[in-house]
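Residue numbers begin at 1 in each chain, while the letters A, B, ... track the order of the sequences. This one's a predicted model, so the numbers in the text were calculated from it and none came from an experiment.
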2 protein chains.
Amino acid sequence: MSTARSRTRIQARNRARILEAALDVFSEAGLRGATLDRIASAAGLSKPNLLYYFRSKEEIHRTLINALLDSWLEPLRALNPEGEPVEEILAYVLRKLEMARTMPRESRLFANEILHGAPHVGDIIEGPLKELVDEKAALIARWAEAGRIAQVNGHHLIFSIWATTQHYADFDVQVRGILGSRDDAHFSEAARFLTHLYRRALTPEPC
Amino acid sequence: MSTARSRTRIQARNRARILEAALDVFSEAGLRGATLDRIASAAGLSKPNLLYYFRSKEEIHRTLINALLDSWLEPLRALNPEGEPVEEILAYVLRKLEMARTMPRESRLFANEILHGAPHVGDIIEGPLKELVDEKAALIARWAEAGRIAQVNGHHLIFSIWATTQHYADFDVQVRGILGSRDDAHFSEAARFLTHLYRRALTPEPC
DNA sequence: CGTTTTGCTGACCATTTGGTCAAACTCCTG
DNA sequence: CAGGAGTTTGACCAAATGGTCAGCAAAACG
């Protein structure tokens, strides 16, 4: 007898296929807009076969979100209390921006979830996520107290970093439409801008 | 014979009711997630009656978005080339933040539309919106050139302002969950933070 | 007051869609 | 290779949902 998870090679492969296809479809159409038929077809499986691996559409969605939450918050966890404050925060900004570039589907999946009231992650937000953010906001407050960065509100600083970086994934269509950008070239300009923005705002006492 | 629009008092009243109800439902559930039944019930009308005033669900959605686009972009239009650059931009930031507080449903409606690939406003983005943003980005470039603000990319500055302000509407659930906020009190802290952020980043030559 | 225009609704329809199930097929193992 | 465990699917179902329509009700109007 083996573990419930990935009992056989076939199960591991097909579950992975389904989740990959579902990420595509959910991130584009949202939970309600996505259909089992589309996910099945994208995964190259039949609809009843999907439901052999997952009890329901919602279970696929739940599984995706839970699997992604960790990697999504990893950069914030990595904010190092021992490092040089401004450089630590800038590194965080650039890591988040890089994630927006390489993982836009994941960003949109979360955005859609939150936008619609976070019906499936409400308890995570008010639990582990709040704890993590509170901890890092406290760290930022200590840095500010010690005069190592400017006096800024840690929570709102984190919100602004999320907003500015994820914007390039969530509002990708708008950004590209306005810039007339076909490739990812605008991301390096975004990196330059955000570096300027946060370095200027965080460097203690400009004179 | 009168105009096609608002022919009678009843039409004006009921169309307004429907749009108000639809804004509620669409902003919460998205285009796909919203149902005519829910909109009808929220408007206090029967479903067939809805379809007496609007040809289809999509027409209600289209009407809403078109009606809102203008007021949504008004603050950017108001960016005054004759004003004091840093104060003009800060005023823009605070106006957008205030709109996020007072018009969160409108913000979410747009966010949802863009997030799902802007199927209904694609031509607006690449047309009038692009023109407006290009114009204002050029203004910012001139200000930077003249040394009246720091050297920043106008397009990305505008994106960041959209992102940071609309974040408080679009990700409201997350913000409240993390801050434990029940009312709108956190908006004044957000205003303080954003003022600091952009004043620091834009003031020319810190020394 | 009669008639025409406008407003409204119950009943109905077609399609979509999440989900079920019995039967068939494949694969592994003794 | 036999047999059971694991995998796949065509056919099907019930509910939800966008939309229609004939006809009734209420204004508006002359």
### Query
Which atoms form the tightest heavy-atom contact between B/Gly30 and A/His116, and what is the distance?
N-NE2, 3.7 Å

### Query
Which word best sums up how the rings of A/His167 and A/Phe171 line up, parallel for under 30°, tilted for 30 to 60°, or perpendicular for over 60°?
parallel

### Query
Should A/Asn49 be listed as having a side-chain N or O under 4.0 Å from OP1 or OP2 of D/dT9?
yes

#### Entry: Residues forming a ring pair (Phe, Tyr, Trp, His ring centres under 6.0 Å) with A/His61, sequence neighbours excluded
A/Phe26, A/His120

### Query
Can a donor-acceptor pair be found between the side chains of A/Ser107 and A/Tyr168 at a distance below 3.5 Å?
no

### Task
Answer yes when B/Glu20 and B/Arg105 have at least one side-chain N-carboxylate O distance shorter than 4.0 Å, and no when they do not.
yes

### Enclosure of B/Arg55 CZ (heavy-atom neighbours >12, cutoff 6.0 Å)
no

### Message
Between A/Gln11 and D/dT7, is there a contact of a side-chain N or O with OP1 or OP2 at under 4.0 Å?
### Response
yes

### Message
For chain A and DNA chain C, what are the first and last nucleotides along the strand, 5' to 3', with at least one atom under 4.0 angstrom from a heavy atom of the protein chain?
### Response
C/dT17 to C/dC21

### Message
Looking at every non-hydrogen atom in both residues, tell me the closest pair between A/Leu23 and A/Leu68 and how far apart they are.
### Response
CD1-CD1, 4.2 Å

### Task
Indicate whether OP1 or OP2 belonging to D/dT8 is found under 4.0 Å from a side-chain N or O atom of A/Tyr53.
yes

### Message
Across nucleotides 13-30 of chain D, 5' to 3', mark each nucleotide with B, S or - according to how protein heavy atoms within less than 4.0 Å reach it.
### Response
----SBBBB---------

### Task
Using atom types as modelled and distance alone, determine if a side-chain donor or acceptor of A/Arg108 lies under 3.5 Å from a backbone N or O of A/Ala169.
yes

